[in-house]
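Worksheet: one structure, shown below.
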Amino acid sequence: MGNFIEDIIENDLNSGRVKSIVTRFPPEPNGYLHIGHAKSICLNYYGTAVKYNGKFFLRFDDTNPAKEEDEYVKSIIEDVKFLGAQPIEIRFASDYFEFMFECAVKLINKGLAYVDDTPAEEIKKMRGDFNTSGINSKNRDKSIKENLMLFSDMREGKYKDGQMVLRAKIDMSSPNINFRDPVLYRIMHISHHRQKDKWCIYPMYDFAHTIEDFLEGITHSICTLEFENHRPLYDWVAINCELTPAPNQYEFARLNLTRTVMSKRHLKNLVDNKVVDGWDDPRMPTIQGLKRRGYTASSIKTFCEKIGVSKANSTVDIALLESCIRQELNDEADRAMAVLEPLRVEIVNRDKDFNEQLDFEYNPKLEGKIRKISFSNEIYIEKDDFCIDPPTGYKRLTVDGAVRLKGAYIIKYVSHEVDKNGQVCLVRAEIVSNSKSGSDTSGVKAKGVIHFVDAKNCVDIEFRLYNYLMDESGEKLNEQSLTVAKGKGERVLECDDIKTYQFLRNGYFIKDSKSKGLVFNKVVGLKDSFNG
RNA sequence: AGGGGUGUCGCCAAGCGGUAAGGCACUGGAUUUUGAUUCCAGCAUUCCAAGGUUCAAAUCCUUGCACCCCUGCCA
């Protein structure tokens, strides 16, 4: 299955328009990357540069010093690396400023750009609207000589912020508003994160981006749909600045996901208002959030392949993202036992000092390979795995019932105790003789299998159970996006590695990279067809 | 005086005049010491709508309709 970008590339390769492919990922370093950016990175890197044996640049589009910071540069580089994309080079648009300035001078010399001292508000008014043609600026027909001088003065810092701009001279009556003499340069006396105070005029996106692409030999400049209206201007700059061979722009639909938000503004609010723990909160759709949540780079890449690339606005069901990591972890993750809501069970037909080490197959890939799990006369099971008044189809422990303990014995109900709130606080059970896992000759058939943890040989664990950031409408915050459970787990979990496990019947969990104690983040649940 | 895009299953998405791929979700059923996994089966007589061209239309034409983007000295 191909996508329209591949069609274009293959046509270009076959027709000889281009000999090899060069793409780029051009973020502005003004925030953290999220899964929508991952879609773009995967498209530009894996989907084109790698697939067609071309080149890929990571380029910071740092043409607006008011918004950009080195902190973001660092995190973006890290995230791109995490996703496995290997740019042949990391570039900065700001390194091209001198060339851009020369391009601007060239436009002035051609009579295609002019310096305008009309106030911003006035320019806006004179631009007209969808139903009204714009009005030419009084500065539109100034001489080339005068424009050259004024533009030079702009660069020299002779004017204040907003006092003048350089504008392209195109068509104030164009139905495409981007053609109504767009601003090419504005004055900003702000220190740039890399250029510091070298410049006080900064190029605008439409002008700069074409030049950046040209300078890197980008053959296919792939961006999102909202830039479609800018493409004529992109081409205008290439032609009039004589950038040959000219790069070409193509647009695809940005990613939307159900049950979360992707807009920088919204995500920043969540961070600023401490609704989440930070940009790397495991609920965030940021790359760092997904990583901390337990999403692997390959699962994100798989997701990006599965969603496809098209021009249709769409919202992908987050279940698809989940299925990608679930499938990978199902194949890879070590299994272990942990109890989120512990209920104590006493084995009445064993001594106080009874202890046994039982075999446990801990990884689906390593068939037959086992490690030992501890079992004694006192264990924890999940609260939900014992029920006095079970719904139909319930396959766990019930009054007078029996259930298999995974990897251990079948236990049979003996009695239970209830606390002052009416909650079951203790169950007594007995081991069914000859029911040991792997050598069961008891003849007793248990309805189901449940997991457990040896109460005398376990560790305390905090489980962080994440839910979607947004409610079903996608408009309101999900108030229950995080619940915390204090439970128990096997001793093997007490280690420093950041490792993902499948806790049997509970889902996939990864040790939280930021917490000191034993804290596990729920990556994603198992499928559950039981609706009891 | 408006312009630029997009409409194929619940959600993505192939399809490019020869009779609707695939994934996710969902529903059965089999196997299972994870209500998981795996396996097998089902899931668009129809492609936004209505006309037209054709032996043949999701694909071509016409006319509508719906949704998205555009009036920053943001990117």
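Atoms considered below: every heavy atom in the structure, side chains included; atoms not considered: hydrogens, waters and symmetry mates. Worth saying up front: this structure is predicted, and the values here are computed from it rather than measured.
- Regarding contacts with the backbone of B:G3, every side-chain N or O of A:R231 stays at 4.0 angstrom or more from both OP1 and OP2.
- Looking at A:D79 and A:S75, their side chains never bring a donor and an acceptor atom within 3.5 Å of each other.
- Below the 3.5 angstrom threshold, one finds no donor paired with an acceptor across the side chain of A:R265 and the base of B:A75.
- A:Y295 has its ring centre no less than 6.0 Å from the ring centre of A:F303.
- The base of B:G3 sits with one of its N or O atoms less than 3.5 Å from a complementary donor or acceptor on the side chain of A:N229.
- In the interface, the side chain of A:D317 is not paired with the base of B:C12 through any donor and acceptor atom under 3.5 Å apart.
- At a cut-off of 3.5 angstrom, counting only N and O atoms as typed in the model, there is a donor on one side and an acceptor on the other between the side-chain of A:D7 and the base of B:C16.
- The two residues A:Y234 and A:S221 come nearest to each other via the heavy atoms OH-CB, 3.3 Å.
- Centre separation under 5.5 Å together with a plane angle under 30° holds for the ring of A:F130 and the six-membered base ring of B:C70, marking them as stacked.
- One finds no side-chain N or O of A:S310 lying less than 4.0 angstrom from the OP1 or OP2 phosphate oxygen of B:C12.
- With its glycosidic angle more than 90° from 0, B:G22 adopts the anti conformation.
- For A:K306, no side-chain nitrogen or oxygen approaches OP1 or OP2 of B:C12 to under 4.0 Å.
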Report, one pair per line, the protein and nucleotides 30-36 of chain B atoms (nitrogen or oxygen only) whose separation is under 3.5 Å.
residue	atom	partner	partner atom	Å
B:U33	O2'	A:K406	NZ	2.7
B:U33	O2	A:G407	N	3.1
B:U33	N3	A:R404	NE	3.1
B:U33	N3	A:S437	OG	2.5
B:U33	O4	A:R404	NH2	3.1
B:U33	O4	A:S437	N	3.3
B:U33	O4	A:S437	OG	2.7
B:U33	O4	A:G438	N	2.7
B:U34	O2	A:Q502	OE1	2.9
B:U34	O2	A:R505	N	3.1
B:U34	N3	A:Q502	OE1	2.5
B:U34	O4	A:R335	NH1	2.6
B:G35	OP1	A:R505	NH1	3.0
B:G35	O3'	A:S529	OG	3.3
B:G35	O2'	A:D528	OD1	2.8
B:G35	O2'	A:S529	N	3.3
B:G35	N7	A:R396	NH1	2.7
B:G35	O6	A:K395	N	3.1
B:G35	O6	A:R396	NH1	2.9
B:G35	N1	A:G393	O	2.8
B:G35	N2	A:G393	O	2.8
B:A36	OP1	A:S529	OG	2.9

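- Ring geometry for A:Y202 against A:H192 counts as parallel: the plane angle stays under 30°, on a 0 to 90° scale with 60° as the upper cut.
- Seen from the ring of A:Y46, A:K301 counts as a face-on cation partner, given the 6.0 Å and 45° thresholds.
- Atom-to-atom, CG of A:N176 to C1' of B:G4 comes out at 8 Å; the value is rounded to the nearest Å.
- One cannot find a donor-acceptor pair under 3.5 Å joining the base of B:A1 and the side-chain atoms of A:T132.
- Judged as a side chain to side chain donor-acceptor pair (under 3.5 Å), and not counting sequence neighbours, the contacts of A:T296 are A:S298, A:S299, A:E328.
- The shortest distance between the side-chain N/O atoms of A:R259 and the OP1/OP2 oxygens of B:C11 is not below 4.0 Å.
- Comparing the C1' positions of B:U46 and B:U59 gives a spacing of 14 Å, expressed to the nearest Å.
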